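Bear in mind the structure is a predicted one, so any value in this text is a computation, not a measurement. Counting starts at 1 for both ligands and their atoms, following the listed order.
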Amino acid sequence: MVTASAPGKVYLFGEHAVVYGEPAVPCAIQRRARVTVREREEGLRVHLDDLTLDGFTIEYAGDATGRPDIDVSESLVEAGIGYINEAVDQARDAAGVEDGGFEVSVESSIPLGAGLGSSAAVVAATIRAATTELGVDLTASEVADRAYQVEHTVQDGDASRADTFCSAMGGAVRVEGDDCRRIEGIDNLPFVIGYDGGAGDTGALVAGVRQLRLEYDFAADTVAAIGDVVRAGERALAAGDLDELGDLMDFNHGLLSALGVSSRSLDSLVWAARDGDALGAKLTGAGGNGCIVALDETDAALTALDYTPGCEDAFRAALDTEGVRIE
Ligand code: PMV
């Protein structure tokens, strides 16, 4: 039996624009998915214990294609099982085994579909745990590559490398197309997360921006402007200038709003954090509903978010410099 964990992430800068080749800077956060894997005779048995779901167990004789009889949304179950099934296949492929059963148990404190990279964290931790259980020792970057293949397959080709690379490697990373690297020398960023309790439909939001960009020059210019903000953000990060980082997060949020991916609830959390003296605040991930990320070294933004109607949860989640690891 092996347990592995991997962190969730926030986008400090650059979501959506990264889809069109601009750079983005996702950062791993100290909220992890933990996955325990044990070999069994045959079939896949999965137990999910997620923040946003009641725990449940599903057992399959062969591949995960049947319909489980449980009391949670079928789309959530199918999505979760799809990721785990593909991750287990990647582990089998890495170990050169055709089949073989697994019992997989997932524990995650990362809200689902809320811009914090829950699926990438579960996939990276599953691949690391399952390969170790099969006696194969993958490096973090090999886990990143295989985790990306999983997201690419499950999301029908609509996935950037950002989430999976960040979760596998940890720390602050830079992603531009297929070029992914860790930004060295960053060991702390005082992130505060606000969560509106909802989720965004990444596919629909990405499609909306794609359409807007085809229809209007301003949208293409806005995507390019986000790229400029990211490059300025990289310089501020290198200089350790938190004040400027905060300002640039504010600009990035404004540009995302112009692309139509924010919402009343995300705007209200962003403004609550700013009113609470955060250095800056923006939505993180695809948008719609889900999470915002603020930068604040004090407890003021956290307190402001705690008192904001519509904020289901607010928590501090500092940068996590460690990526996927065996527990
Ligand atoms: O909300 P998330 O964590 O799935 O992030 C989506 C980020 C996008 O840039 C909008 C899409 C992508 O694949 O990079």
> Evaluating non-hydrogen atoms only, which member of Ser160, Gly8, Gly113 is closest to atom 12 (C) of ligand 1?
Replying inline: Ser160
>> If the condition is side-chain contact (heavy atoms from CB on, under 4.5 Å), which residues does Ala33 pass it with, not counting sequence neighbours?
In response: Ser108, Ile110, Ala121, Val122
>> Could you tell me, atom by atom, which parts of ligand 1 come under 4.0 Å of a heavy atom of Val18?
In response: 9 (O), 14 (O)
> Looking at Asp163, which atoms of ligand 1 are within less than 4.0 Å of one of its heavy atoms?
Replying inline: 3 (O)
>> Closer than 4.0 angstrom, basic N to acidic O: yes or no for Glu234 and Arg174?
In response: yes
>> Show me which atoms of ligand 1 lie under 4.0 Å from any heavy atom of His16.
In response: 8 (C), 9 (O), 10 (C)
>> Any carboxylate oxygen within less than 4.0 angstrom of a Lys/Arg side-chain nitrogen, looking at Arg161 and Asp145?
In response: yes
> For ligand 1, which atoms, with element, lie under 4.0 Å from some heavy atom of Thr202?
Replying inline: 1 (O), 4 (O), 6 (C)
> Would Ser5 and Arg32 count as having a side-chain donor-acceptor pair, cut-off 3.5 Å?
Replying inline: yes
> Gly115 heavy atoms, cut-off 4.0 Å: which ligand 1 atoms fall inside?
Replying inline: 1 (O), 3 (O)
> Any idea which atoms of ligand 1 are less than 4.0 Å away from a heavy-atom of Glu15?
Replying inline: 9 (O)
> Taking NZ, NE, NH1 and NH2 as the nitrogens, is one of them in Lys282 or Glu15 under 4.0 Å from a carboxylate oxygen of the other?
Replying inline: yes
> Is NZ or CZ of Arg31 both nearer than 6.0 Å to the six-membered ring centre of Phe315 and within 45° of the ring axis?
Replying inline: yes
Would you tabulate the side-chain donor-acceptor contacts of residues 204-226 under 3.5 Å, counting partners in other chains and residues two or more places apart, or write 'none'?
unit_1 : atom_1 : unit_2 : atom_2 : d
Gln211 : NE2    : Glu215 : OE1    : 3.4
Thr222 : OG1    : Phe218 : O      : 2.6

> Any N or O of Val206 that comes nearer than 3.5 Å to an N or O of ligand 1?
Replying inline: no
> How far is atom 3 (O) of ligand 1 from its nearest protein heavy atom, and which residue and atom is that?
Replying inline: Lys9 NZ, 2.9 Å
> Got the closest protein heavy atom to atom 7 (C) of ligand 1, with its distance?
Replying inline: Tyr11 OH, 3.7 Å
> With no hydrogens and no angle check, do the side chains of Ser268 and Arg264 hold a donor and an acceptor under 3.5 Å apart?
Replying inline: no
> Tell me, which protein residue and heavy-atom name are nearest atom 2 (P) of ligand 1, and how many Å apart are they?
Replying inline: Ala286 N, 3.9 Å
> So is Gln155 close enough to ligand 1, meaning a heavy atom under 4.0 angstrom away?
Replying inline: no
